[in-house]
Every structure is written in C-alpha cells, then in structure tokens.
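Numbering of ligands and ligand atoms starts at 1, following listing order.
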Amino acid sequence: MTLAIMSALLDEQRGLLEQLVSPQRVKRAGRTFWCGQWAGQDVVLVLSKVGKVAAATTTTVLIEAFDVKSVLFTGVAGGVGAGVKVGDVVVAEAFIQHDLNSAPLFSRYEIPLYGRATLDCDPLLSALLLEAAQLGLVGVGDHIHRSLLLEAPKVHRGLIASGDQFVCDPSAAALLRTDLQAAGHEPLAVEMEGAAVAQVCHDYGVPFAAMRTISDRADAQAHLDFSAFVSQVASPYALAVVSRFITLRPGK
Ligand code: ADE
C-alpha cells in the first residue's frame, strides 16, 4: 500500500527525505522519485513541480508507474479566509480551480464534464491528517513562531482554491474570494497545484489528502522572505505533521 508524499518545495522535501530508509532514486518524466520505507511503510517522495499541469503529470506518473495507493501533499499557500494567518495550517476538505471558467458552456468553476466545481479529499485520510496536524504541531511550533513573532499556529479545515497564478495583490485576492463566495464557495487559501492532484486522484479512485502552511496573505508582501519562511516554518511543520501522520496511518 505505497503512500506518495508530494511536496511543492525542495526545502520541505529535504527533511522528509532524511527519514527514508534505503532510499532509491528513480527518474521519470523529468522528475526524481525517491522510493523507500518510513516507519515500516513503503513511500515515494516527489516534488510536484509548480502549477496545475505539472502537478497533474507528477500525480499520473506516481499512480501509473509507482502504483501508489494514496497521495499526501504538503506545501505552502496564501491565506484568503478570514482568520487564516501566516503560520497557520490548512488541511484541505476539498479543492476548486479559481481560474477555471468555461461559461457560458458550463457554470463558472465547474470542471467540464465532471458536473461539479469542487473535488473532495478522502475523508478518512484527511481526518488522519487533521489529527496529525493538531498533535504534531504542538511542540514544534513554539520556538519557531516565537522567533518569528507569529502567533501559535491554528489548524483550519476547509476549501483550498488552486490556479496558475501566484496571488500577490490584495485586490486580486479579494476579487478571487468574492467571486468564489458569489458561487457558494468559501476558500481558506490559494495555491497552484492541489486541485490538479485532486482531479487525477479522483479519476483513478486514489485517496488524497493535503495540508498547506500559510506563508503569506496573498498580498503585496507575499513574495517577501518566502524561502526563509519555507525553511524556518513550513519545512519543520511538514516534517512534524507527516511523521505523526505515518505513525497514525493504519494501512501498510
Ligand atoms: N503559494 C504560497 N503563497 C501563494 C500565493 N500567494 N498564491 C499562490 N500560491 C501560493
């Protein structure tokens, strides 16, 4: 029952890679896949690459060539929901593509021929991930958020919106949010890959769960100290949560 762990960023993946027993490197489709064991479970680590198409390709290769039976995604995101602050974590309940619009052929955001706009994450895997985030972040957050003057991390659960766009303008973020709300969707965060991974997993019937650490508020400061945030906050958070997730996960 191989578990795939996809990361958006190299820094984040590095800590996870150190946990692998007998890692084997396999190259496919211009991507590097790391196969090994973690706490006695077969896992494959890979970088998603950036954007929806790249992430969809990575997911397809994971399923077709590595026969993975579940997919876990860790990365960072811009917070757009009320009360979703830098340093918080969002565990995805569902994904939507905020840049998908085939109107008037289909309603706004609807994935053509799927009859829906949102794709749910796997409820069991996501419940485990939520528990792993709540338990795993307890000790880890303390010294990190104090040194960066962040508040203690809150773990949120809800909708994440993906699109091929780094959102770094408050009016763009506000418009994106109000347009989604007008269609009945309440996004907590924006990023660039999750909805694509969710769609491929949906097509293959492979369970999928995702967490994102909030690195910015999708405003003009969004690009500042991005790499520092990833190495000092998102990477230790990902390691803490995934380590806990692996020990909670019953399937081998
Ligand atoms: N990933 C992290 N922050 C982001 C943002 N503001 N927009 C899109 N993807 C992101």
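Residue R217 places every heavy atom at 4.0 Å or more from ligand 1. For C168, the closest heavy-atom approach to ligand 1 does not fall below 4.0 Å.
Taking a cut-off of under 4.0 Å to the non-hydrogen atoms of V76, the atoms of ligand 1 that pass are 1 (N), 2 (C). In summary, the atoms of ligand 1 found under 4.0 Å from a heavy atom of M192, numbered by their order in the structure, are 8 (C), 9 (N).
No side-chain donor-acceptor contact under 3.5 Å links T74 to the backbone of M211. Here the side chain of E193 pairs a donor or acceptor atom with the backbone of G51 at under 3.5 angstrom.
Across D122, V71, L119, L72, a single residue satisfies side-chain contact (heavy atoms from CB on, under 4.5 Å) together with F208, and that is V71.
Ranking the protein heavy atoms by distance from atom 4 (C) of ligand 1 puts F166 CE1, 3.3 Å first. Atom 9 (N) of ligand 1 has as its closest protein heavy atom E191 CA, 3.4 Å. With respect to atom 8 (C) of ligand 1, the closest heavy atom belonging to the protein is Q165 O, 3.5 Å. In this structure, atom 3 (N) of ligand 1 lies nearest to the protein heavy atom D216 OD2, 2.6 Å.
Ring pair F226/F166 is perpendicular by interplanar angle, where above 60° counts as perpendicular and below 30° as parallel.
Looking at ligand 1, you'll find an N or O of V167 within less than 3.5 Å of one of its N or O atoms.
With a 6.0 Å radius and a threshold of 12 heavy atoms from other residues, nucleotides or ligands, R31 has its CZ atom above the threshold.
Only the side chain of S215 comes within 4.0 Å of ligand 1, judged by heavy-atom distances.
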I111 and F106: side-chain contact (heavy atoms from CB on, under 4.5 Å), yes or no, with the steps?
CA-CA 8 Å; I111 309 165; F106 297 91; over 6 Å; no

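Between the CG atom in L100 and the CG atom in D164 there is a gap of 10.5 Å [rounded to 0.5 Å].
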